[in-house]
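Proteins get letters first, then strands, A, B, ... in listed order; numbering begins at 1 in each. As the structure is a computational prediction, the values presented were derived from the model and not from experiment.
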There are 4 protein chains.
Amino acid sequence: MQIQKEDIRENIIETSKLLFFEKGYIKTKISDISKKSGIPVGNIYNYFDSKDSIFYTCIENTLKIIDKWFLEQEKKKNMILDFHSELILKELDDMIDFIINNKVEINLIFNISYGTNFEYIPEKILKRYFEVGKNQMSLMNYKNNNYNISNFILKQLISLYFRVLVEVTSNDYSKEEIKNILKELINFLYSGSYGLLKDLKIYH
Amino acid sequence: MQIQKEDIRENIIETSKLLFFEKGYIKTKISDISKKSGIPVGNIYNYFDSKDSIFYTCIENTLKIIDKWFLEQEKKKNMILDFHSELILKELDDMIDFIINNKVEINLIFNISYGTNFEYIPEKILKRYFEVGKNQMSLMNYKNNNYNISNFILKQLISLYFRVLVEVTSNDYSKEEIKNILKELINFLYSGSYGLLKDLKIYH
Amino acid sequence: MQIQKEDIRENIIETSKLLFFEKGYIKTKISDISKKSGIPVGNIYNYFDSKDSIFYTCIENTLKIIDKWFLEQEKKKNMILDFHSELILKELDDMIDFIINNKVEINLIFNISYGTNFEYIPEKILKRYFEVGKNQMSLMNYKNNNYNISNFILKQLISLYFRVLVEVTSNDYSKEEIKNILKELINFLYSGSYGLLKDLKIYH
Amino acid sequence: MQIQKEDIRENIIETSKLLFFEKGYIKTKISDISKKSGIPVGNIYNYFDSKDSIFYTCIENTLKIIDKWFLEQEKKKNMILDFHSELILKELDDMIDFIINNKVEINLIFNISYGTNFEYIPEKILKRYFEVGKNQMSLMNYKNNNYNISNFILKQLISLYFRVLVEVTSNDYSKEEIKNILKELINFLYSGSYGLLKDLKIYH
DNA sequence: CATGAATGAGCCTTCATTCAT
DNA sequence: CATGAATGAAGGCTCATTCAT
């Protein structure tokens with residue numbers, strides 16, 4: 001009895017990830033994937049319905065993890081983030097692991113979706129994350145109501161955050177380096193936001 | 001007659017800018033440009049050698065201005081930026097004008113170059129801008145040597161800056177609003193950077 | 001100024017008609033049409049959206065004439081056909097001309113639509129013609145109520161009629177020969193129907 | 001074991017018949033047959049050389065019966081058909097049984113052969129049947145020499161006959177209904193032919 | 001120069017048949 | 001024999017670019 005081999009499926013996906021990552025979706029031809037993976041064109045279509053579904057499978061797991069993360073944030077809706085807490089430190093570690101393990105996929109989602117049916121996804125994620133950030137802001141204002149940051153800048157900072165995630169994964173940094181970079185980023189974001197307190201602004 | 005020809009050339013470029021901006025480079029067909037501009041396909045090729053050269057012409061002027069700006073920065077190599085100085089304020093105003101007048105083009109350069117021969121340009125600009133920032137940092141360190149920011153984060157902040165430029169121009173903000181946003185951004189960047197001073201860090 | 005040439009359009013259609021007629025729709029490749037007509041594949045698609053629309057254009061005019069004929073029948077709803085009348089004789093002549101001028105097209109409609117989006121058309125035409133025949137039957141019954149023919153056989157006779165039209169056009173008969181054949185057919189159908197009168201049947 | 005193999009062969013054929021009948025030969029994929037029958041694609045090719053040979057096997061038996069019938073007609077070459085004779089009535093019953101038992105196959109032969117190597121068969125059968133009919137006509141003329149029917153119409157009537165056979169089996173008629181329809185048809189053909197006697201014609 | 005049809009290489013996808021297990 | 005994955009030659013259609021008028 002012959003079965004669809006998980007390693008072939010894996011081969012197609014891993015090859016596709018690399019090619020999409022290198023050349024983008026549109027410029028990656030099915031025949032490229034076939035040549036590089038050694039799997040004949042026709043057989044690729046035994047494992048996937050279309051080029052688009054190959055792309056989706058490339059990012060599927062990562063999307064699910066992101067989704068789960070959002071659901072967890074929903075639960076912690078009313079907690080104020082304390083950057084020194086053990087919890088946050090633990091989460092940061094998890095986040096770094098996630099990023100390291102999903103380097104290419106994060107890139108595909110945020111940089112390479114042009115030409116696919118999933119171009120809308122980055123925007124959707126950013127919006128959702130924006131709501132999380134927005135909520136956090138209002139909690140902080142509850143205690144200290146001179147806190148003030150425009151939606152526009154908030155959105156940009158979130159975008160920056162994801163962009164850093166993408167970038168930090170495009171290079172061959174060690175886990176330690178990545179950790180340092182993210183810590184630095186968080187320090188930056190934290191004090192940057194602090195600087196937007198009304199009475200500390202440089203420009204008025 | 002010369003004027004009429006210039007009109008056609010201009011028409012092609014303006015139409016192309018809008019279409020590239022809306023749909024991206026690859027998904028914009030020459031026939032789309034022809035249809036929207038009213039200029040027959042064949043005649044477009046009397047003015048431009050290729051789709052690629054149309055794209056390049058779309059961003060050419062903006063690239064030149066950016067280039068000029070870099071040359072000016074070279075001259076001010078040894079001056080420390082003072083965010084409260086008249087000079088900086090004047091420059092900010094100029095920058096905002098530049099951005100408003102080059103909304104679409106900036107977007108094309110940083111977001112839409114996929115599929116063209118100019119995909120490398122955003123990276124080149126960022127690197128160059130990075131050198132400017134790097135130099136500024138070292139000047140500041142000369143006075144205050146506990147200042148410290150990693151290359152990675154510096155690059156990201158520059159990227160953020162450009163990204164904000166792009167975003168702020170993708171929406172229909174008034175000049176005043178744009179000014180406020182950029183001020184907020186500068187406040188943020190300034191105090192964020194300040195937070196990276198060694199002895200102020202949250203995480204160590 | 002260059003314009004789409006009617007002769008090229010005509011060439012594509014005429015070539016397609018012949019190839020569809022010879023080999024059927026599915027076995028006729030766009031490249032076959034291209035080769036036989038001398039028109040490059042790409043240019044065919046300047047004139048038609050798809051293989052299917054080429055097929056439709058092949059039968060379009062003939063369908064319209066058939067449609068018009070049905071509308072005329074609607075008007076004559078309450079007239080009993082008299083096979084000796086001048087009117088019918090005139091109509092027969094018209095019908096023959098129509099058939100001679102639409103040989104291939106009639107074949108395409110009734111024989112060659114497999115694989116197109118127009119497979120349903122022959123059935124539709126037969127049903128419509130069936131209603132016309134049904135109506136005529138009921139008029140005749142009004143005068144002579146022992147007249148009786150089953151829906152099944154009526155449908156078959158109509159089908160036969162169209163089939164004769166198709167066949168008579170697949171060969172190189174002269175107008176005179178076609179006329180004789182159709183007259184013979186009508187004689188046959190007439191007396192055959194007469195034979196179904198209740199009291200004349202062979203089998204009971 | 002031998003029995004089991006025969007079962008598989010039978011299963012493939014029966015499944016193929018239904019699918020060919022529903023969707024036509026070309027639109028029926030080997031994988032469709034595999035899915036519906038539950039027999040793996042590879043194993044189908046253990047029993048048949050090609051899709052074409054599957055089709056041929058579908059119609060093989062029916063073709064043989066038709067062939068046998070022709071051979072019998074050869075023997076009765078000089079007998080005039082008497083529609084009231086016991087013999088004919090017996091034959092009609094046999095014919096109906098044959099049709100009922102070969103519904104799908106007759107359809108495959110006359111309607112579904114497009115795309116196979118057996119497209120020529122319907123024509124061959126009609127021609128052969130035509131010779132039988134022709135011979136019968138000349139026998140009848142021997143007794144009554146004003147009998148006259150053109151080759152063309154004769155061929156069409158034969159075609160009609162087969163077509164009715166096909167149609168009558170495409171629906172879910174009971175044996176009794178089928179019998180009635182065929183009787184009606186024979187009445188029709190008989191009196192229709194009678195109407196072609198020279199001196200009874202409507203048109204001259 | 002203006003016009004838009006002509007050109008054809010190339011892409012995604014299909015599917016009968018083969019073949020390794 | 002049984003299984004279903006492997007194979008690869010087409011087919012319909014696209015579109016940047018060229019070219020005849």
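F:dA5 atom P lies 12 Å from atom CD1 of A:Ile12, rounded to whole Å. In this structure, the CD1 atom of B:Ile54 is 15 Å from the P atom of F:dC15, given to the nearest Å. Rounded to whole Å, atom P of F:dT17 lies 15 Å from atom CZ of B:Phe55. Atom P of nucleotide F:dT18 and atom OH of B:Tyr47 are separated by 18 Å, given to the nearest angstrom. Between the CZ atom of C:Phe48 and the P atom of F:dG12 there is a distance of 16 Å, rounded to whole Å. To the nearest angstrom, P of E:dA2 lies 12 Å from CG of B:Asn11. Rounding to whole angstrom units, CD1 of residue D:Ile33 and P of F:dG4 are separated by 17 Å. Whole-Å rounding puts the A:Asp7 CG to F:dA5 P distance at 13 Å.
Looking at heavy-atom distances under 4.0 Å, B:Ile39 makes no contact with the nucleic acid at all.
For A:Tyr45, there are no ring pair (Phe, Tyr, Trp, His ring centres under 6.0 Å) partners at least two apart in sequence or on another chain. Here A:Phe21 pairs with nothing under the ring pair (Phe, Tyr, Trp, His ring centres under 6.0 Å) rule; sequence neighbours left out. With sequence neighbours excluded, no residue forms a ring pair (Phe, Tyr, Trp, His ring centres under 6.0 Å) with C:Phe48.
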### Summary
Under a 4.0 Å heavy-atom criterion, the protein footprint on nucleotides 8-15 of chain E, written with B, S and -, is B--SSBBB
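Taking every heavy atom of both residues into account, C:Phe118 and C:Thr116 meet most closely at N-OG1, 2.9 Å. Across all their heavy atoms, C:Ser34 and C:Ile39 have their closest contact at OG-O, 2.8 Å.
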Run the side-chain donor-acceptor check on residues 53-66 of chain D: report pairs under 3.5 Å with partners two or more places apart or on a different chain.
unit_1, atom_1, unit_2, atom_2, d
D:Ser53, OG, D:Asp49, N, 3.3
D:Ser53, OG, D:Ser50, N, 3.3
D:Ser53, OG, D:Ser50, O, 3.1
D:Thr57, OG1, D:Ser53, O, 2.7
D:Thr62, OG1, D:Asn102, OD1, 2.8

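Partner of A:Thr28 under the side chain to side chain contact (heavy atoms under 4.5 Å, CB included) criterion, out of A:Thr15, A:Ile112, A:Ile33, A:Leu18: A:Ile33 alone. Screening D:Lys27, D:Lys23, D:Lys51 for a salt bridge (charged side-chain N to carboxylate O under 4.0 Å, His left out) involving D:Asp32 leaves a single residue, D:Lys23.
Nucleotides of DNA chain F nearest to A:Ile8 and D:Gly38 differ in position, and the one nearer the 5' end is that of D:Gly38.
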### Task
Would you please test C:Asn11 and C:Asp7 for side chain to side chain contact (heavy atoms under 4.5 Å, CB included) and show each step?
CA-CA 6 Å; C:Asn11 188 347; C:Asp7 58 339; over 6 Å; no
### Task
Report the secondary structure of DNA chain E in dot-bracket form, marking unpaired bases with a dot and bases paired to a different strand with |, and treating Watson-Crick or G-U pairs with both distances under 3.5 Å as paired.
.||||||||||||||||||||
